[in-house]
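Reviewing the structure listed below.
The sequence lines fix the lettering, A, B, ..., with proteins before strands; numbering per chain opens at 1.
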There are 2 protein chains.
Amino acid sequence: MADTAGTRRPGRRLEHPRAGEIRVDAVLHALADPVRLRIVRDLADGHEDMACIAFALPVSKSTSTHHFRVLREAGIIRQYYEGTSRMSRLRTEDLETRMPGLLGAVLNAALLAEREDAAAVPAPSDGER
Amino acid sequence: MADTAGTRRPGRRLEHPRAGEIRVDAVLHALADPVRLRIVRDLADGHEDMACIAFALPVSKSTSTHHFRVLREAGIIRQYYEGTSRMSRLRTEDLETRMPGLLGAVLNAALLAEREDAAAVPAPSDGER
DNA sequence: CAACTCATACGATAATCATCGTATTACGAT
DNA sequence: ATCGTAATACGATGATTATCGTATGAGTTG
């Protein structure tokens with residue numbers, strides 16, 4: 001296979017906005033969807049690089065692809081190919097530069113809301129007393 | 001005018017979510033629209049109480065009403081009647097409790113983006129030298 | 001009461017978007 | 001080369017939404 005041996009040759013070019021092109025509207029819109037917010041939370045939750053398949057999303061694969069693209073085009077994640085898989089990682093630094101504190105505030109708010117929901121509905125399979 | 005003299009008698013009941021009912025998704029979605037973000041920025045920009053008419057929005061009046069309702073139902077603003085006018089104010093404290101730092105981060109990011117745009121296009125009617 | 005003003009409600013419309021299924025591409029392994 | 005896997009592209013579809021114009025309601029002032 002000649003020159004494809006150990007080098008990184010992306011089969012398809014993935015379009016990313018440059019850091020300076022990240023728009024507030026697009027970021028907020030991207031984060032406003034529950035599925036995409038879930039993806040971002042999972043990424044922030046320690047799994048820095050994950051294949052799309054690794055997310056247990058309640059949608060079909062094509063829909064999943066769509067959501068990853070929205071996140072990528074908004075400048076929230078960076079994606080690259082690793083074999084047939086596509087890895088995603090948060091563009092934490094770029095976001096922090098353009099919108100200081102925004103991502104952290106959103107993640108924290110989502111966490112607070114989740115805790116509150118858990119407290120309100122005490123997990124029937126594990127009811128506390 | 002009987003009992004309407006100095007008392008507050010709202011002509012129409014305005015529905016507001018309670019602080020605990022404010023949802024992250026709804027807030028992000030509400031802020032993702034440029035017209036609504038403009039409203040929120042104006043409100044945050046010192047004008048704590050403004051009538052809807054006081055905003056110079058690039059949309060019709062009915063559309064304006066629609067956007068104010070979205071903001072209100074998301075829990076971002078509180079509205080009350082003052083005569084025939086309707087006043088709006090940010091629910092800063094409620095938002096800060098539910099989503100600490102979020103509103104501030106969004107406002108700051110919008111400000112940064114605006115400054116950058118202004119720098120990129122040096123205002124032809126007022127070109128600096 | 002009548003006129004005026006601010007805002008709403010009610011459709012209507014066009015655009016955006018989330019979702020899906022299926023066919024296809026890219027890559028790795030057999 | 002053939003197969004399998006991961007993901008995309010391509011429509012298609014239904015839901016949501018941003019927008020508007022017009023008619024209506026509520027309040028103030030003549």
D:dC20 phosphate, OP1 or OP2: any side-chain N/O from B:S62 under 4.0 angstrom? no
Using atom NZ of A:K61 as one end and atom P of D:dA9 as the other, report the distance to the nearest whole Å. 14 Å
From C-beta outward on A:T84, which listed nucleotide comes closest to its side chain: D:dT19, C:dA7, C:dG28? C:dG28
Please state whether the phosphate of D:dA18, meaning OP1 or OP2, lies under 4.0 angstrom from any side-chain nitrogen or oxygen of B:R36. yes
With a 4.0 Å limit, can you tell me whether A:S60 has a side-chain N or O closer than that to the phosphate oxygens OP1/OP2 of C:dT19? no
Which value, rounded to the nearest 0.5 Å, describes the distance between A:D42 atom CG and A:L37 atom CG? 9.5 Å
Phosphate-side-chain proximity, A:T63 and C:dC20, N/O vs OP1/OP2 below 4.0 Å: yes
Atom of A:L112, atom of B:P100 and distance for their closest heavy-atom approach: CD1-CD, 3.7 Å
Out of D:dA6, D:dA18, C:dC20, minimum distance to the side chain of A:V59 belongs to C:dC20
Spacing between A:R69 atom CZ and D:dC10 atom P, to the nearest angstrom: 9 Å
Under 4.5 Å between side-chain heavy atoms, counting indirect links through other Ile/Leu/Val/Met/Phe/Trp/Tyr residues: same cluster for A:L71 and A:L43 or not? yes
Any idea which of D:dA7, C:dG28, C:dA18 is nearest the A:T65 side chain? D:dA7
Closest nucleotide among D:dT28, C:dC27, C:dA18 to the A:H66 side chain: C:dA18
Closest non-hydrogen atom pair, A:Q79 against A:L14: O-CD1, 3.4 Å
Send over the distance from A:D33 CG to D:dA15 P, rounded to a whole Å. 17 Å
Specify the separation, in whole Å, of atom CD of A:Q79 and atom C1' of D:dA6. 13 Å
Rounded to the Å, how far apart are B:M87 CE and C:dC6 P? 12 Å
Tell me the interatomic distance from A:D25, atom CG, to C:dT16, atom C1', rounded to whole angstroms. 15 Å
Look at the side-chain N and O atoms of A:H29 and state whether any lies under 4.0 Å from the OP1 or OP2 oxygen of C:dC17. yes
Apply side-chain contact (heavy atoms from CB on, under 4.5 Å) to residues A:L95 and A:L102 and explain how you reach the verdict. CA-CA 8 Å; A:L95 288 171; A:L102 180 58; over 6 Å; no
Just how far, in rounded Å, is P of C:dC20 from CG of A:L57? 11 Å
Separation of C:dT19 atom P from A:F68 atom CZ, nearest Å, is 13 Å
For A:H67, answer base if it contacts any base atom (sugar-phosphate contacts may also be present), sugar-phosphate if it contacts only those atoms, and nothing otherwise; contact means non-hydrogen atoms under 4.0 Å. sugar-phosphate
